[in-house]
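Data first, discussion second: the structure below is written as structure tokens.
A, B, ... follow the sequence lines: proteins, then strands. Residue 1 opens every chain.
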Amino acid sequence: MLGFKRKLGEKISRLLSLSPEDVRFDYPPNLSLGDLSLLSAFIVGKREGKNLVSLAREYASKLEDLPMVERVVTAGPFINFKLKRDEFFLYAWESRDEVKVFPREGKNLVEHTNINPNKAAHVGHLRNAVIGDSFSRLLSVVGEVVEVQNYIDDTGVQVADVVYGLLKMKGLPPEAWDGIGEKFDHFCWDLYVEVEREMETNPSAQQERKRILKALEEGEGSYSEAGRKLAHKIASLHLQTMENLGIEYDLLTWESHIISLGLWARTFELLREKGVIRKADKGPNAGCWVMDIEEGGQLREKVIVRSNGTATYVAKDIAYQMWKLGLQDRDFKYRVFKKYPSGRLLYTTTLEDGEDMDFGRAARVYNVIDSRQGYLQKIVKEAVRRLGFEKEAEGSIHLAYEMVALSKRSAASMGFEVDGEAVSISGRKGVGIKADDLIGEVRKRAAQEVEKRHPELSLEDREAIAEKIASAAIRYYMLKFTNNSVVIFDIEDALSFEGETGPYLQYTLVRMNSIRRKLRERGVSLLSPRWRENDDYWDLVHRASRFDEVLDKVRENMELSLLAKYLFSLAQAFNVFYAKYPILNEADPGERSLRFAIMELVEAKLKKGAYILGIEIPERM
RNA sequence: GCGCCUGUAGCUCAGCUGGAUAGAGCGUCGGCCUCCGGAGCCGAAGGCCGGGGGUUCAAAUCCCCCCAGGCGCUCCA
């Protein structure tokens, strides 16, 4: 519909002498009113103070020879088009695999996941990674260049804490870590909670943590080595967890490398030169380099460099953002970190010998971070702008989403205390559901369902199917809520395979596969499809044809839930169609062929959409 | 105090850059396998769209006020 609307819009704009902005379309709530509505009479009439209804009539009378339009009818101020269904259907069917969204110029850098490498990933991290991954998939489906990065803060307090716990509290030197029976990141999950309790009451532990932190930042000594190993081990486990959900990356960037490369030093100079920051000589921030931020009419100083000369988190983020935008004059070296089964290569930045690569230098940088970081992201963007990089600042995009909390029911079932409606996830307190545990539980349930339905399959085959179902269930669950909505994570809902879920989409596509297979087995032949008038058919064709528009809107609004909802409603519409109109069992060859073609049209959209959501389709389920 | 977000069916949520009759899933109740896969389909019950005012031909949607809740605003990351 997107390509068609473009053509139609151009023609209308010529016929009515309207600017493209005044030619806006919408869909009637009911296809009996028309297939497409033109809203120009509202827009122009309102602006020029004309009678909307008579303007609509005037416009309608001038609209002639429109492509694929059979009739133009006005309904009050609405100008409705009834399309030539036979022509439109053929056009949609023949081009069903094309995506007609205009790709934008330049590279997109999508940074997501970014989990502190000191403990297991939890369901909150899953939301981040799934949104980031699906958004990157969408950009590449519409034909844009995408690079996915995962930034790892291997020099932060969180890593220092667990280094302290392992070395000082557990007496486990790095050589002993591989011998820990439990999965290492899960072990650290519990340990981190112990460490946090220790830190609260033990000043000497705090002192030691400071020393560890300093060593991590300087990159020297045994503490630093332990920190590096910890971060590396845990990050690798996170990668495994994400791979279970089909999430892959192109590059790992390590905070310690950013420090060594000296990106900050250069940025610090620039910030001073351009007067973006100034040294505060009085007040509570005396001795610090600060940036003046105005918000709600209040002037605030944001500390960028502490009075002891060290850079704050935002400071480093500004420097790193500059690198992503190609505004740094130095670059990392790179080497391959691992090769995915898909063949995709995951690179890592490195301090040792490595290749020169073309990472970064993006036209648009999407930072996928929860909305709590909104203020800091705003400062980073503002700093880039004040450095004189207006265009790059515009390309610095915060893909924000709300956090994940645990539902009362889920939290209580795991033995956490519940006082309100929901419980915030807290790594420090150990409150949360580990991503691996969730994946394991969903797989277990899926395997039970598969066994019930397909006892004839081998255990191995059943497990493989269960993995795909589990991944689809989790991914869909993480994407069905709008970014602005706090996800009250409920394990029972997430485990569900019925209704608005990932498995529902899979089931629909598996059913289509099955129909196709039966078609071959029975040797049913098909004719080239010819349209026959039927409102139910048309509704499905019309709905499937809006796919491109949905992708366009998702890219614009960075709102994956739109796609999830759309695909669900399309699948639902197909299932209604399927229940009412047999395909293979239809005796009339013309009718049968048409129904099959409609299925193919819907299938093409569902498949592409499922790919974007990261949902794989098993042969059977 | 300042900023961002949220309040829609019993529950979880769509719809919000104004448009035609406010939707979905779950749950509840009742139906549907002689037939392409019942993880499905059909039907029913269920709504002062937090409250009040305003703008408009038109408001769940935009503006203002109020109420309720979440998050952020550290020389933490």
Side-chain angles (χ1 to χ4, degrees), chain A residues 26 28-30 33 37 39 42 45-46 51-53 75-78 80 116 153 155-159 255 280 284-290 293 295-298 300-308 310 312-314 316-317 370-376 378 400 402-403 405 407 409 420-422 424 446 449-450 452-453 469 473 480-488 490 492-493 496-501 503-504 506-508 510-519 522 524 556-557 561-562 564-565 568-569 572 575-576 578-586 592 595-596 599 620-621:
Chain A
D26 197 2
N30 184 325
L33 292 165
S37 302
L39 301 177
F42 284 109
K46 173 122 187 175
N51 181 287
L52 302 183
V53 177
F78 291 96
N80 294 331
N116 267 309
D153 183 6
T155 64
V157 192
Q158 296 211 16
V159 168
E255 171 71 19
N285 297 330
C288 300
W289 287 90
V290 299
I293 300 288
E295 207 175 44
Q298 290 187 343
R300 260 205 279 270
E301 289 179 353
K302 179 72 197 166
V303 174
I304 303 296
V305 178
R306 302 181 189 103
S307 54
N308 67 6
T310 57
T312 57
Y313 170 70
V314 211
K316 293 184 222 167
D317 228 23
D370 76 70
S371 58
R372 285 176 293 191
Q373 303 262 5
Y375 180 58
L376 294 180
K378 201 175 128 189
E402 277 289 345
M403 55 170 199
S407 75
R409 182 166 69 164
E421 281 308 302
S424 293
E449 290 295 317
V450 176
K452 233 189 286 173
R453 288 155 218 255
I469 294 173
K480 70 192 276 196
F481 305 95
T482 53
N483 295 337
N484 274 342
S485 165
V486 175
V487 171
I488 308 297
D490 188 85
E492 285 307 315
D493 289 347
S496 165
F497 302 143
E498 283 164 22
E500 197 200 337
T501 63
Y504 180 93
Q506 284 177 312
Y507 186 75
T508 306
V510 166
R511 176 180 263 172
M512 289 173 168
N513 267 334
S514 169
I515 291 172
R516 187 186 305 284
R517 193 170 51 236
K518 286 261 162 52
L519 176 90
R522 296 186 191 177
V524 179
E556 174 68 23
N557 301 338
S561 64
L562 286 173
K565 298 267 182 222
F568 172 67
S569 72
Q572 205 174 32
N575 284 326
V576 171
Y578 162 89
K580 197 165 167 187
Y581 301 100
I583 298 170
L584 296 182
N585 294 342
E586 167 59 41
R592 182 171 62 216
R595 288 179 192 173
F596 191 82
M599 184 192 93
R620 61 193 77 223
M621 67 184 276

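Judged by distance alone, with hydrogens and angles left aside, A:T312 brings no side-chain donor or acceptor close enough to the base of B:A77 to form a pair under 3.5 Å. In the interface, the side chain of A:D490 is not paired with the base of B:U12 through any donor and acceptor atom under 3.5 Å apart.
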* Asked: What do the steps show when you test A:F497 against A:M621 for side chain to side chain contact (heavy atoms under 4.5 Å, CB included), and what is the final call?
  -> CA-CA 12 Å; A:F497 302 143; A:M621 67 184 276; over 6 Å; no
* So A:I515 and A:Y578, side chain to side chain contact (heavy atoms under 4.5 Å, CB included) or not? Walk me through it. -> CA-CA 11 Å; A:I515 291 172; A:Y578 162 89; 3.9 Å; yes
* Take A:R620 and A:R453 through the test side chain to side chain contact (heavy atoms under 4.5 Å, CB included) and record every step on the way to the result. => CA-CA 10 Å; A:R620 61 193 77 223; A:R453 288 155 218 255; over 6 Å; no
* Given A:E556 and A:L562, is the side chain to side chain contact (heavy atoms under 4.5 Å, CB included) satisfied, shown in steps? -> CA-CA 11 Å; A:E556 174 68 23; A:L562 286 173; over 6 Å; no
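One atom, NZ of A:K378, and another, P of B:G3, lie 10 Å apart when rounded to the nearest Å. The CG-P distance, from A:N30 to B:G19, rounds to 17 Å in whole Å. Here the C1' atom of nucleotide B:A77 and the NZ atom of A:K316 are 8 Å apart, to the nearest Å. As rounded to whole Å, 6 Å separates atom P of B:C57 from atom NZ of A:K46. For the pair A:L39 CG and B:U17 C1', the computed distance is 13 Å after rounding to whole Å. Atom-to-atom, CZ of A:F481 to P of B:A14 comes out at 8 Å; the value is rounded to the nearest Å. For A:E402 and B:G69, the CD to P distance is 17 Å, given to the nearest whole Å. What separates CG of A:N557 from C1' of B:C5 is a distance of 16 Å, to the nearest Å.
Both distances falling under 3.5 Å, in either a Watson-Crick or a G-U wobble arrangement, occur for no nucleotide opposite B:U56. Within the shown strands, B:C32 is the pairing partner of B:G40 under the Watson-Crick or G-U definition, both distances less than 3.5 Å. Here B:A24 sits opposite B:U12 as a Watson-Crick or G-U wobble pair (both hydrogen-bonding atom distances under 3.5 Å). Base pairing of B:G3 is made with B:C71, judged by Watson-Crick or G-U wobble geometry with both donor-acceptor distances under 3.5 Å.
Ring-base stacking between A:Y507 and B:G40 is not satisfied when judged by a centre separation under 5.5 Å and a plane angle under 30°. With its ring centre under 5.5 Å from that of the base six-membered ring and a plane angle below 30°, A:Y578 counts as stacked on B:C36.
Rounded to whole Å, the C1' atom of B:A58 lies 16 Å from the corresponding atom of B:C16. B:C33 and B:G40 have their C1' atoms separated by 11 Å, with the value rounded to a whole Å. Here, B:G30 and B:C67 have their C1' atoms 41 Å apart, quoted to the whole Å. Nucleotides B:A59 and B:U21 are separated by 11 Å at their P atoms, to the nearest Å. Between B:C75 and B:A14, the distance separating the two P atoms is 35 Å to the nearest Å. When the P atom is compared between B:U6 and B:C62, the two are found 9 Å apart, to the nearest whole Å. When the C1' atom is compared between B:U8 and B:C48, the two are found 12 Å apart, to the nearest whole Å. B:C64 and B:U55 have their C1' atoms separated by 11 Å, given to the nearest Å.
Base orientation for B:C73: anti, the chi torsion being more than 90° from 0.
Note on A:N585: a base of the nucleic acid sits closer than 4.0 angstrom, heavy atoms only. Nucleic acid contact class of A:M621 (heavy atoms, under 4.0 Å, all strands): base. Across all strands, A:V510 comes closer than 4.0 Å to base atoms (heavy-atom distances). At the heavy-atom level, A:Y581 lies under 4.0 Å from base atoms of the strands shown. Using a 4.0 Å heavy-atom distance criterion, A:L519 is classed as making no nucleic acid contact. As judged by a 4.0 angstrom heavy-atom cut-off over every strand, A:I515 is placed among residues touching the sugar-phosphate backbone only. No engagement by A:A564 is indicated, since no non-hydrogen atom pair under 4.0 Å with the nucleic acid exists. Nucleic acid contact for A:N80: base, since at least one base atom lies under 4.0 Å from a heavy atom of the residue. Within the 4.0 angstrom heavy-atom criterion, base atoms lie near A:S37.
Side-chain nitrogen and oxygen atoms of A:R453 include at least one within less than 4.0 Å of the OP1 or OP2 phosphate oxygen of B:A39. Contact annotation: A:R372 side-chain N/O to B:C4 OP1/OP2 distance is not under 4.0 Å. Taking side-chain N and O atoms only, A:T482 has a distance below 4.0 Å to OP1 or OP2 of B:A14. Residue A:S407 places none of its side-chain N or O atoms closer than 4.0 Å to OP1 or OP2 of B:U12. Close to B:A24, at under 4.0 Å from its OP1 or OP2, lies no side-chain N or O of A:K480. Look at A:R595 and you won't find any side-chain N or O under 4.0 angstrom from OP1 or OP2 of B:C36. Using a 4.0 Å cut-off, no side-chain N or O of A:N484 falls inside it from OP1 or OP2 of B:C5. One finds a side-chain N or O of A:S514 lying less than 4.0 angstrom from the OP1 or OP2 phosphate oxygen of B:G37. Distances shown here put every side-chain N or O of A:Y504 at or beyond 4.0 Å from the OP1 or OP2 atom of B:C26. Taking 4.0 angstrom as the limit, A:Q572 places a side-chain polar atom (N or O) nearer than this to OP1 or OP2 of B:G25.
Of all nucleotides listed (B:G70, B:A39, B:C36), B:A39 comes nearest to the side chain of A:E498. Among the nucleotides B:C42, B:C75, B:C57, the one closest to the side chain of A:V576 is B:C42. Set against B:G1, B:G25, B:C36, the side chain of A:I583 has B:C36 as its closest nucleotide.
Within the model, atoms CG of A:N80 and CG of A:D26 stand 10.0 Å from one another, a figure rounded to the nearest 0.5 Å. In this structure, NZ in A:K518 is found 12.5 Å from CD1 in A:I583, a value given to the nearest 0.5 Å.
Where A:G156 and A:F497 each meet RNA chain B at their nearest nucleotide, the meeting point lying more 5' is that of A:F497. Nearest-nucleotide positions on RNA chain B place A:L33 closer to the 5' end than the other of A:L33 and A:P284.
No side-chain donor from either of A:N484 and A:T482 sits under 3.5 Å from a side-chain acceptor of the other.
Of the possible polar contacts, none joining the A:S496 side chain to the A:E492 backbone as a donor-acceptor pair under 3.5 Å is found. Put simply, the side chain of A:R592 gets close to the backbone of A:E586: a donor and an acceptor are under 3.5 Å apart.
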